[in-house]
Amino acid sequence: MKKKRIAAAIGLVLIGLFYLATLILAFIDTPLAKNCLMAALFATIVVPAVLYGYMIFTGASRGDSEDQPSAQDDEG
């Protein structure tokens, strides 16, 4: 459960930074800013996809034993 929260927090911070960078770079008119803007837009799409894949790979999206009640909890 702890890994899932940490991954979510890191993802939110990264996505927020990418949105901020995209907004700032959109108003700067230099060739470097244009390349950085494209990189920020790309990362805005890729980072959430990678984090989602990480959660699927580690089994966090299925739920841990803490998230789902066991059969004993339903009976008693």
Side-chain angles (χ1 to χ4, degrees):
M1 186 68 174
K2 189 83 169 167
K3 289 181 185 178
K4 186 176 178 181
R5 288 181 188 231
I6 292 172
I10 290 171
L12 284 174
V13 169
L14 284 175
I15 292 170
L17 289 174
F18 290 137
Y19 285 155
L20 181 65
T22 302
L23 181 66
I24 292 170
L25 291 168
F27 293 111
I28 300 173
D29 191 26
T30 64
L32 178 63
K34 186 174 182 178
N35 291 335
C36 291
L37 173 64
M38 291 300 129
L41 288 172
F42 175 77
T44 300
I45 296 169
V46 171
V47 168
V50 169
L51 287 174
Y52 180 70
Y54 168 76
M55 289 193 318
I56 287 177
F57 184 73
T58 58
S61 65
R62 283 193 311 247
D64 295 329
S65 60
E66 297 173 4
D67 292 341
Q68 295 179 355
S70 65
Q72 293 175 350
D73 292 341
D74 292 338
E75 294 173 3

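Everything numeric in this text was worked out from a predicted model, so none of it was measured. By convention here, the first residue in the shown sequence is residue 1.
- Distance check, rounded to the nearest 0.5 Å: NZ of Lys34 to CG of Leu37 gives 9.0 Å.
- Of the residues Leu14, Val13, Leu12, the one that meets the side chain to side chain contact (heavy atoms under 4.5 Å, CB included) test with Ile10 is Leu14.
- Within the model, atoms OG1 of Thr22 and CG of Leu17 stand 10.5 Å from one another, a figure rounded to the nearest 0.5 Å.
- Here Ala33 pairs with Leu25, Ile28, Thr30 under the side chain to side chain contact (heavy atoms under 4.5 Å, CB included) rule; sequence neighbours left out.
- Clustering of Ile, Leu, Val, Met, Phe, Trp and Tyr side chains at separations under 4.5 Å places Ile15 together with Tyr19.
- Of all the heavy atoms in Phe18 and Ala43, the pair that sits closest is CZ-CB, 3.5 Å.
- Hydrophobic clustering, with ILVMFWY side chains joined whenever heavy atoms are under 4.5 angstrom apart, keeps Phe27 apart from Leu20.
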